[in-house]
Amino acid sequence: MAKFQPLQAPKGVSEYYPVRSAIFEFVRESLIGSAKSSGYQLMELPVFEDTELFKRGVGESTDVVSKEMYTFEDRGGRSITLRPEGTAGVMRSVIEHNLDRGQLPVKVWYSGAFFRAERPQAGRYRQFYQVGIEAIGVNDPEIDVEVIAVAARAFAGLGLKNYTLEITSLGDLESRERYTKELRTFIATLNLDEETARRAEINPLRLFDDKRDEIKSAMAKAPVLLEYLNESSLKHFERVQELLTVLAIPFTVNKRMVRGLDYYTGTAFEFVHHGLGAQSGIGGGGRYDGLMSQLGGAELSGIGFGIGVDRCVLACEAEGIALPSSFGIDLFIVPMSPAAKGASLELAERLRSLGLIVDIAYGDRSLKGGMKAADKSGAKYSLVLGDDELSTGTAALKNMKTGDQLSVTIASLHDVVRQEITNASHS
RNA sequence: GUGGUCGUAGCUCAGCUGGUAGAGCACUCGGUUGUGGUCCGAGAUGUCGCGGGUUCGAGCCCCGUCGAUCACCCCA
């Protein structure tokens with residue numbers, strides 16, 4: 001007999017299955033809900049795109065593009081890449097379908113899997129999930145703050161507490177160029193090893209992120225980008241800070257914040273959670289001035305963020321956040337006879353169509369087994385249905401938390417359960 | 001891609017200097033002929049990650065490989 005290697009998921013992917021999948025769903029739906037509250041609309045895009053899109057959009061010098069993409073040739077000989085981030089695809093679609101010619105700003109949200117071929121680590125996966133939004137076509141500080149507020153409201157809604165918001169401004173293209181020149185001059189005076197010098201060559205800002213003490217202390221003396229902002233960039237950034245204060249969204253200015261993707265300009269921000277490992281960023285984003293035109297669209301500025309769903313799940317777990325009870329089963333039916341099995345299914349379907357979450361003890365289980373199943377399901381109420389109940393049309397509705405039983409007619413079951421749940425949630 | 005640690009039951013792990021596997025929890029059934037959670041009793045469950053080597057004998061030693069985990073690079 002041939003032996004089979006047990007099949008396993010590819011390296012570094014995250015999977016969510018019961019019971020933990022409920023937390024994932026809760027987190028994702030909360031994030032999406034926050035975006036919808038601010039008027040963002042769904043953009044459902046392909047998970048793979050022409051490789052060229054990411055090379056041009058994200059930037060060939062970035063690590064993401066140069067060494068972390070899942071790129072392959074399809075049957076037609078086209079170079080295809082599994083999306084490593086969301087913004088480039090959104091821009092492509094906006095341009096392709098001329099959304100930028102309609103009313104501005106274009107406000108969209110997206111959610112789904114993204115792919116980067118990195119060494120897996122806590123909170124970092126090769127396939128990971130993000131919820132993101134983009135607001136394209138308006139360059140107001142007000143919309144910058146709206147975008148940040150969507151994320152802040154989402155995190156607050158999840159019940160997260162142990163995180164901070166860091167913001168900075170990377171300046172417009174002109175300010176940035178002036179600064180980068182100065183920074184390169186400064187870096188040239190440092191005695192760097194070959195590898196570090198090469199990284200600095202690609203993007204000198206990266207050195208601010210180095211974790212080695214000697215580099216950190218050397219970079220403490222480096223010129224700071226914020227001091228090179230021209231007047232309009234500075235004004236914009238100051239207004240963003242004012243508005244965040246008005247909305248009571250706490251933040252700190254991080255003068256040395258680094259963003260990994262090349263397209264960011266102006267406002268940049270990052271939410272950092274303090275209960276995670278090295279991968280502590282739960283969400284981040286910023287403004288991008290040149291991206292649309294670089295991809296062949298109009299000269300429009302945009303701003304957006306990506307939030308890591310996986311990392312938010314880890315953050316919720318780290319903070320011991322409990323799922324809201326609305327995620328649970330309302331009623332669990334335990335049938336006691338062959339006739340009751342069919343009747344239970346019929347009853348369950350009727351209640352389900354009225355909006356209750358209902359499950360049944362399937363299989364030929366003893367009453368005790370059925371009640372155990374009801375208990376394990378976490379259902380709020382249970383109902384035993386046997387031949388007696390079928391003939392009298394009444395049954396005992398049991399509150400699984402208190403153990404109390406209430407005699408109800410099967411016909412009124414929906415109304416009674418609804419009423420009970422409402423009462424319970426108000427007490 | 002680089003480095004550290006680790007893979008034994010569904011889960012968490014024990015297994016002495018090599019002598020052919022165990023606990024707790026979970027699961028199923030019963031004690032209670034129609035009521036779960038507690039208690040008591042019984043039962044089922046392992047390619048010891050995979051492949052090779054050393055040995056009379058390998059869960060334990062060696063090599064390789066796959067995976068996990070933590071950190072670096074980088075990022076959600």
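Proteins come first, then strands; the chains are lettered A, B, ... in the order of their sequence lines, and each starts at number 1. It should be emphasised that the depicted structure is a prediction, and the values quoted were computed from it without experimental measurement.
Look at A:R365 and you'll find a side-chain N or O under 4.0 angstrom from OP1 or OP2 of B:rU28. One finds no side-chain N or O of A:R206 lying less than 4.0 angstrom from the OP1 or OP2 phosphate oxygen of B:rC72. At B:rC74, none of the side-chain N or O atoms of A:T62 fall inside 4.0 Å of OP1 or OP2 (strictly under the cut-off). At the phosphate of B:rG36, neither OP1 nor OP2 sits under 4.0 Å from any side-chain N or O atom of A:K368.
Looking at the side chain of A:D375, the nearest of the listed nucleotides B:rC75, B:rG37, B:rC66 is B:rG37.
Between the side chain of A:R212 and the base of B:rC73, no donor-acceptor pair of N or O atoms lies under 3.5 Å. One N or O donor and one acceptor, one from the side chain of A:E118 and one from the base of B:rA76, sit under 3.5 Å apart.
Map A:M400 and A:G12 each onto its nearest nucleotide of RNA chain B; the residue landing nearer the 5' end is A:M400.
At a threshold of 4.0 angstrom between heavy atoms, the contacts of A:K376 are confined to the sugar-phosphate backbone, with no base atom among them.
Contact check for A:P84 versus A:E118: no side-chain heavy atoms found under the 4.5 Å cut-off. A:E389 has its side chain out of reach of A:M336: every pair of non-hydrogen atoms, C-beta onward, lies at least 4.5 Å apart.
One can place CG of A:L367 at 7 Å from P of B:rG36, the figure rounded to the nearest angstrom.
Ring orientation note: the planes of A:F271 and A:Y163 are tilted relative to one another, at an angle of 30° to 60°.
The P atoms of B:rG4 and B:rC56 are separated by 33 Å, rounded to the nearest whole Å.
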